[in-house]
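When reading the values below, keep in mind they use all heavy atoms of this one structure, side chains included, and skip hydrogens, waters and symmetry mates. The chains referred to below are lettered A, B, ... by the order of the sequence lines, with proteins before strands, and numbering in each begins at 1.
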There are 2 protein chains.
Amino acid sequence: MLEERKKQILQAIIDEYISTAEPVSSGALVNRHGLNCSSATIRNEMAELEKAGYLDKPHTSSGRIPSAQGYRFYVDELVKEDDISLEEIRYITSKLETRVNAIEDLTKIATSTLSEITHYTSVAIGPQNGFQNIEEVKFVLLGTRMLMAVILTDTGIIKETIIKFDENITEEQVNTLNFIFNNKLKGKPLEAINKPLEEYIFSEMNYSLAVIKPVMEQFNKVVNEESKVYLEGANKSFELPEFKSLEVARNFINLLDTKEMMLDLLNTGFAKDINVYIGDEKENKKLKDFSIVTFKHRYQNKDLGTIGIIGPKRMDYSKVISVMKYISKKLNEKESEG
Amino acid sequence: MLEERKKQILQAIIDEYISTAEPVSSGALVNRHGLNCSSATIRNEMAELEKAGYLDKPHTSSGRIPSAQGYRFYVDELVKEDDISLEEIRYITSKLETRVNAIEDLTKIATSTLSEITHYTSVAIGPQNGFQNIEEVKFVLLGTRMLMAVILTDTGIIKETIIKFDENITEEQVNTLNFIFNNKLKGKPLEAINKPLEEYIFSEMNYSLAVIKPVMEQFNKVVNEESKVYLEGANKSFELPEFKSLEVARNFINLLDTKEMMLDLLNTGFAKDINVYIGDEKENKKLKDFSIVTFKHRYQNKDLGTIGIIGPKRMDYSKVISVMKYISKKLNEKESEG
DNA sequence: TTTAGCACTCTTTTCTCTCGACTGCTAAAC
DNA sequence: GTTTAGCAGTCGAGAGAAAAGAGTGCTAAA
């Protein structure tokens with residue numbers, strides 16, 4: 001709907017603003033981007049782009065900055081999705097080739113690599129419990145009054161928890177627990193660990209309450225606990241000019257430090273492979289100065305967690321999206337091998 | 001060595017500065033603290049305290065602020081060690097009564113409680129591996145090609161790790177592993193997991209390399225991995241006036257974000273129960289504007305980790321030290337019970 | 001030894017002025 | 001019809017000056 005030249009100019013303005021963080025003037029555009037017209041022509045076009053809502057002006061006699069709508073158009077239509085160098089590809093590949101034993105470690109490596117390459121702050125959370133099925137449950141006696149329970153799910157995520165008892169536990173009791181829980185839970189979603197199960201075991205199995213009660217309590221905790229938030233490169237954001245504003249810096253810290261907020265931000269809205277939320281598109285006032293880009297760490301359509309970047313609205317979307325696409329692809333390949 | 005009145009005045013100045021963050025004038029002291037003399041007298045005393053090195057003056061016509069030496073004297077001689085209310089005692093007690101299964105969880109609860117009460121940023125790390133002895137090692141088969149190894153130490157810390165294999169593992173092999181490792185490691189310090197052990201098992205036990213190699217690799221990782229840094233209330237610090245300075249804020253973020261630095265800060269120097277490092281007393285330029293107060297989470301002289309507070313030099317030492325003392329005591333009682 | 005009083009110092013705030021960067025518009029050129 | 005040169009007008013950033021205010025140090029008296 002925008003004429004070709006308007007698109008070009010809009011792209012040039014946003015690119016310029018992304019790299020300088022300063023309002024962009026008509027003169028600067030003509031100088032630094034190969035546009036075949038004069039600054040006066042640019043000024044006319046800019047005025048129209050502003051009228052159409054793609055640009056803002058901090059004050060009458062200043063250059064233009066992109067509006068929220070401008071960024072949105074840029075992300076939807078103008079972004080380069082292969083803005084990634086050979087060197088970066090090599091670096092990512094080498095990082096992701098690290099042999100890991102726990103799948104969460106792979107998410108962590110991907111997250112820190114993402115931050116290293118983009119120089120923004122990256123975050124990750126594990127998968128939501130809801131979408132995981134139990135493959136196996138194992139109880140192990142530690143000492144005489146302590147059990148470790150290990151729950152293996154079909155995503156490869158392993159949850160382990162420790163259960164303490166007031167009386168000694170026998171090997172036989174451990175075996176019974178193993179039998180009961182595998183019998184009832186194998187193949188079921190994690191949510192099968194709930195009150196009805198507890199009641200069933202109490203009544204039908206007629207099994208010692210002193211043993212089963214602490215186990216169920218702890219299992220419930222594991223199922224209901226929030227996933228951990230993994231954060232990388234928080235300090236990098238503080239080098240950016242927008243963080244000179246105390247309010248912006250404080251909002252940022254607040255955001256990162258509020259686990260519920262991070263979980264909420266990373267857990268909603270996955271219409272596309274890569275999802276971009278510009279400013280307060282997520283209806284969160286604290287986000288007004290920031291953008292969030294997320295993708296799901298997936299394997300065979302199983303959710304292994306969410307990885308994201310949180311940075312200034314003026315973030316290098318092309319680079320971030322390109323790198324994410326590549327990492328996402330590599331993660332998938334990696335899983336398939338092993 | 002300081003006359004009584006000088007001490008009183010120094011205390012009043014530091015108390016005042018701690019609560020206002022503004023240079024303290026002679027007038028303000030007379031008004032707000034019950035000193036039986038005029039502002040002129042105070043001015044004379046202040047001049048002497050400054051000459052003796054306890055106070056600084058930002059500029060000729062301003063009030064005084066404590067110098068590093070002033071804070072040091074305050075912490076060593078003037079601090080109130082029971083600056084804790086009944087309400088706070090109740091809150092701490094209730095928090096620490098939470099039944100936990102893993103000891104690390106207790107450290108975490110203590111850390112977050114500390115931050116909640118003092119309103120400063122608190123940090124914690126687990127114990128150093130060096131001081132722990134192995135009580136038991138257990139291998140558990142998960143699926144067909146995966147083992148979980150659990151190492152139980154005498155501090156109650158449980159380390160678990162996952163080991164993946166390229167070929168199937170039999171129950172018999174698991175039993176052999178359990179036998180070998182318990183045999184060699186029970187009662188030994190964690191560091192017994194090292195090259196010589198590996199070589200011994202290779203040569204003397206003549207046990208399949210395909211099995212033992214991944215196990216030793218993963219064990220080595222566990223023994224050598226750095227402890228996790230647990231952080232609570234980073235955003236609270238940003239409400240403080242000193243964080244209006246961009247440089248201070250940046251240094252702070254940098255500090256918290258650099259794991260090695262945090263480990264270093266929390267792992268050295270435990271002459272007393274509670275250790276206070278004012279400004280760059282720890283020879284770290286980044287700390288110039290901050291103070292750190294730490295204590296060891298101990299049980300029967302076993303190190304269960306370190307808990308600390310990192311805040312502005314102008315921190316409420318009396319409150320921080322009092323709360324820490326109480327939490328430390330409670331942690332000890334708690335362990336003794338159960 | 002303490003205190004009142006006052007001159008002096010230095011910061012903070014406010015105001016004004018100038019400089020410079022851009023824009024928007026008009027009128028001419030293509 | 002579109003593009004461009006030119007120029008008036010707008011606004012912010014920065015420099016300086018001036019005034020206000022907070023506090024000290026010193027002197028001399030209590």
When you look at CD of A:Glu239, are more than 12 heavy atoms from neighbouring residues, nucleotides or ligands closer to it than 6.0 Å? yes
Measure the shortest side-chain to side-chain distance between A:Ile42 and A:Cys37 over non-hydrogen atoms and say whether it is less than 4.5 angstrom. yes
Identify every side-chain donor-acceptor pair in residues 46-61 of chain A under 3.5 Å, counting partners at least two apart or on other chains, and give the distances.
residue: A:Glu48; atom: OE1; partner: A:Lys6; partner atom: NZ; Å: 2.9
residue: A:Glu50; atom: OE1; partner: A:Arg64; partner atom: NE; Å: 2.9
residue: A:Glu50; atom: OE1; partner: A:Arg64; partner atom: NH2; Å: 2.8

Under 4.0 Å, heavy atom to any atom of DNA chain C: which of residues 50-62 of chain B qualify? B:His59, B:Thr60, B:Ser61
From the options B:Tyr120, B:Tyr317, B:Tyr71, B:Tyr277, select the one residue that forms a side chain to side chain donor-acceptor pair (under 3.5 Å) with B:Ser291. B:Tyr317
Students often mix this up, so state it plainly: with edges at 30° and 60°, are the rings of B:Phe252 and B:Phe238 parallel, tilted or perpendicular? perpendicular
Got a sec: does the CG of B:Asp273 have more than 12 other heavy atoms crowding it under 6.0 Å? no
Side chains of B:Tyr326 and B:Glu88: do they bring a donor and an acceptor to under 3.5 Å? no
Quick check: do B:Asn284 and B:Met261 have side-chain heavy atoms less than 4.5 Å from each other? yes
Check whether any side-chain heavy atom of A:Leu2 lies under 4.5 Å from a side-chain heavy atom of A:Glu77, and answer yes or no. no
Heavy atoms of chain A, cut-off under 4.0 Å: which first and last nucleotide of DNA chain D, 5' to 3', fall inside that, if you could look? D:dT3 to D:dG12
I'd like to know whether B:Ile84 forms a side chain to side chain contact (heavy atoms under 4.5 Å, CB included) with B:Lys325, so could you lay out the CA-CA distance, the side-chain angles of the two residues, the decisive distance to 0.1 Å, and finally the verdict. CA-CA 10 Å; B:Ile84 181 169; B:Lys325 283 222 151 165; over 6 Å; no
Within 6.0 Å of CG in B:Asp76, more than 12 heavy atoms from elsewhere: yes
Would you say the side chain of B:Leu78 lies within less than 4.5 Å of the side chain of B:Ile14, judging by non-hydrogen atoms? no
For A:Met46 and C:dC25, give me the distance from atom CE to atom C1', rounded to whole Å. 17 Å
So B:Met324 and B:Thr118, do their side chains get closer than 4.5 Å, heavy atoms only? no
Specify the residues of residues 35-45 of chain A, ordered by number, for which at least one heavy atom lies under 4.0 angstrom from an atom of DNA chain D. A:Cys37, A:Ser38, A:Ala40, A:Thr41, A:Arg43, A:Asn44
Contact list for DNA chain D against residues 21-34 of chain A - heavy-atom distance below 4.0 Å: none
Minimum side-chain heavy-atom gap B:Asp15-B:Tyr74 below 4.5 Å: yes
Quick check on the helix from C:dT1-D:dA30 to C:dC30-D:dG1: what's the angle between its two end axes, five base pairs per end, to the nearest 10°? 20°
Given the rule in the side chain to side chain donor-acceptor pair (under 3.5 Å) test, do B:Thr121 and B:Ser237 qualify, once you have shown the distances and angles that lead to the verdict? CA-CA 6 Å; B:Thr121 303; B:Ser237 288; 2.7 Å; yes
